[in-house]
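Let me begin by presenting the structure, written as structure tokens, before commenting on it.
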Amino acid sequence: MFEKKHEMLRKLAREFAEKELEPIAADAEKEGAYPKELWQKVAKYGFTGITIPEAYGGCGGDYKSLAIVVEEFCKKDAAASSLIMSNSLSGAPYLYYGTEEQKQKYLRPMVEGKTIGAFALTEPGAGSDSGATQTTCLWDEEQGCYILNGRKCFITMGPICDYAVVFAKSNLEAKGTRGISAFIVEADWEGFSRGKTEEKMGMHASVTSDLVFNNVKVPKENLLGKEGQGFKIAMGILDAGRVTVASQGLGIAAGCLDLAVEYSKERVQFGRPICKLQDVAFKLADMATEVEATRLLVYDVADKLDKKQKVTLQAAMAKYKAGEVCNQVAYKALQIHGGYGYMQDYAIERMTRAARLVSIYEGTSEIQKLVISGNLLK
Ligand SMILES: Cc1cc2nc3c(=O)[nH]c(=O)nc-3n(C[C@H](O)[C@H](O)[C@H](O)COP(=O)(O)OP(=O)(O)OC[C@H]3O[C@@H](n4cnc5c(N)ncnc54)[C@H](O)[C@@H]3O)c2cc1C
């Protein structure tokens with residue numbers, strides 16, 4: 001499945017994660033931000049445009065390459081994968097549905113590390129049920145533009161984004177999800193504001209906030225795709241997005257396993273390293289087996305995506321599995337660290353808090369099970 005270029009990329013991403021991410025991960029978690037220079041470095045290495053074609057400043061790589069980089073980043077610092085969101089939720093709507101002009105204007109600077117994008121679907125009353133969107137963006141004949149009103153919540157990069165793809169109802173008469181459209185909205189437009197930066201359980205350097213729209217004028221050329229296509233755009237992109245989140249889960253699990261192996265070899269109790277205790281060694285064996293099973297699932301889906309196969313079922317399975325496995329592995333890895341694992345001086349504490357998110361966002365584990373069982377029983 002992997003070619004030489006994939007192995008080279010893994011080596012590059014691993015070295016980057018060890019040299020640039022690991023040393024600052026704990027500080028970034030405390031500060032709730034990454035240094036500006038890091039964003040630029042990530043772009044310079046091409047990590048902001050792994051899957052984006054060269055025509056828009058990217059590397060033209062495949063999804064396996066993206067999964068590799070996300071896995072390697074997350075082994076050291078889960079929040080750092082939000083630095084490369086331009087390859088997934090932030091960038092994909094432009095890539096797949098944008099006009100040439102929209103791609104050059106919005107996607108290219110994101111890939112070049114000059115701007116930050118966001119993907120705004122979730123609302124206070126529309127989480128798992130994203131079709132229940134209340135935000136409206138209605139055409140105003142007199143003003144010759146759309147008028148956007150509403151509130152989106154939990155938006156990754158919300159506090160610092162330069163623009164966002166916002167999903168809103170543009171037709172109040174259309175049935176169900178058919179009235180939803182996607183719009184590109186710039187942060188400095190009048191009527192755009194942000195909620196406070198959320199104080200989250202983990203992933204602090206990946207910032208999150210509400211986005212609020214109060215009579216924001218959206219020009220016609222900022223409609224993304226066709227009117228009424230919004231839900232299709234969101235769902236189509238979520239398949240690939242779920243593979244990225246599954247890679248996050250895989251990376252976190254693999255990183256926790258590494259930490260546990262290392263610690264168990266060093267920590268001595270009852271006169272020998274704790275890895276010599278069968279209960280600890282068996283925990284490590286279970287963790288390694290689960291990580292490997294997840295890895296096979298994740299890369300198989302990435303490979304299928306690269307072959308342009310429909311992956312809705314497998315992406316849901318990979319996301320579900322990775323979300324649950326990273327939580328189980330983090331739990332066991334922290335247990336192996338004993339009391340030290342509960343202290344912020346140890347990376348396992350930060351990794352365990354990060355793991356908790358993977359089974360929640362981009363579709364909870366329960367929603368993935370709905371997709372999987374729906375496919376089984378149709
Ligand atoms: C840190 C963070 C970052 C995020 N970033 C973004 C972002 O950038 N853009 C964006 O648009 N959204 C983002 N989200 C939102 C995220 O995708 C939602 O939180 C998620 O989809 C769940 O929605 P909810 O929180 O409203 O939970 P709810 O939908 O209210 O779910 C509550 C519980 O009910 C269960 N449940 C709901 N419906 C069903 C069902 N039909 N069957 C079985 N169980 C069900 C859920 O599984 C869950 O356990 C982010 C969230 C977080 C926490």
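Counting starts at 1 for both ligands and their atoms, following the listed order.
- Note: an N/O pair closer than 3.5 Å links Thr156 and ligand 1 by distance alone.
- Taking the six-membered ring for Trp and thresholds of 30 and 60 degrees, Phe73 and Phe16 have nearly parallel ring planes, at less than 30 degrees apart.
- Atom 20 (C) of ligand 1 has its closest protein heavy atom at Ile360 O, 3.7 Å.
- Each of the atoms 7 (C), 8 (O), 9 (N), 10 (C), 11 (O) of ligand 1 lies under 4.0 Å from some heavy atom of Ile155.
- For ligand 1, one of its N or O atoms has an N or O atom of Thr364 under 3.5 Å away.
- Residues Arg350 and Met203 are not in side-chain contact: their nearest non-hydrogen atoms beyond the backbone lie 4.5 Å or more apart.
- For atom 51 (C) of ligand 1, the nearest protein heavy atom lies under 4.0 Å away.
- For atom 21 (O) of ligand 1, the nearest protein heavy atom (residue, atom name, distance) is Gly363 N, 4.0 Å.
- Atom CD of Glu31 has 12 or fewer neighbouring heavy atoms from other residues, nucleotides or ligands inside a 6.0 Å radius.
- Residue-level proximity to ligand 1 for Lys200 is carried by the side chain, the only part with a heavy atom below 4.0 angstrom.
- Below 3.5 Å of separation, one finds no N or O of Leu357 facing any N or O of ligand 1.
- Atom 17 (O) of ligand 1 has its closest protein heavy atom at Glu362 N, 3.4 Å.
- Residue contacts with ligand 1 for Leu370 involve side-chain atoms from C-beta outward but no N, CA, C or O (heavy atoms, distance under 4.0 Å).
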### Message
Using side chain to side chain donor-acceptor pair (under 3.5 Å), reason through Thr312 and Asp239 one step at a time and then give a plain yes or no.
### Response
CA-CA 6 Å; Thr312 304; Asp239 273 356; 2.7 Å; yes
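- Residue-level proximity to ligand 1 for Thr122 is carried by backbone and side chain together, each with a heavy atom below 4.0 angstrom.
- Separation of atoms CG (Leu21) and NZ (Lys76) is listed at 10.0 Å; rounding is to 0.5 Å.
- Leu250 is not listed as a side-chain neighbour of Cys326, based on a closest heavy-atom distance of 4.5 Å or more.
- Considering backbone and side-chain N/O of Glu366, one or more are found under 3.5 Å from N/O of ligand 1.
- Here the side chain of Gln134 pairs a donor or acceptor atom with the backbone of Ala132 at under 3.5 angstrom.
- Distance check on atom 34 (O) of ligand 1: every protein heavy atom falls at or beyond the 4.0 Å cut-off.
- Of the N or O atoms in Phe154, one or more lie within a sub-3.5 Å distance of an N or O in ligand 1.
- If you number the atoms of ligand 1 from 1 as listed, the ones under 4.0 Å from a heavy atom of Phe119 come out as 7 (C), 8 (O), 9 (N), 10 (C), 11 (O).
- The protein reaches atom 46 (C) of ligand 1 closely, with a heavy atom under 4.0 angstrom from it.
- Between Trp39 and Tyr34, the ring planes are perpendicular. Angles over 60° get that label, and only those under 30° would be called parallel.
- Look at Arg242 and Glu362 and you find no salt bridge, because none of the NZ, NE, NH1 or NH2 atoms lies under 4.0 Å from a carboxylate O.
- Partner Thr208 forms a side chain to side chain donor-acceptor pair (under 3.5 Å) with one of Glu199, Lys200, Glu198 and no other, that one being Lys200.
- Annotation: atom 29 (O) of ligand 1 to nearest protein heavy atom, Ser128 OG, 2.6 Å.
- In terms of protein heavy-atom proximity, atom 26 (O) of ligand 1 is closest to Gly127 CA, 3.2 Å.
- The main-chain N or O of Leu38 is never found under 3.5 Å from a side-chain atom of Glu20 such that the two would form a donor-acceptor pair.
- Atom 41 (N) of ligand 1 lies below 4.0 Å from at least one non-hydrogen atom of the protein.
- Closest to atom 39 (C) of ligand 1 among all protein heavy atoms lies Ile367 CD1, 3.9 Å.
- In terms of modelled atom types and a separation under 3.5 Å, the side chain of Asp306 and the main chain of Asp62 share no donor-acceptor contact.
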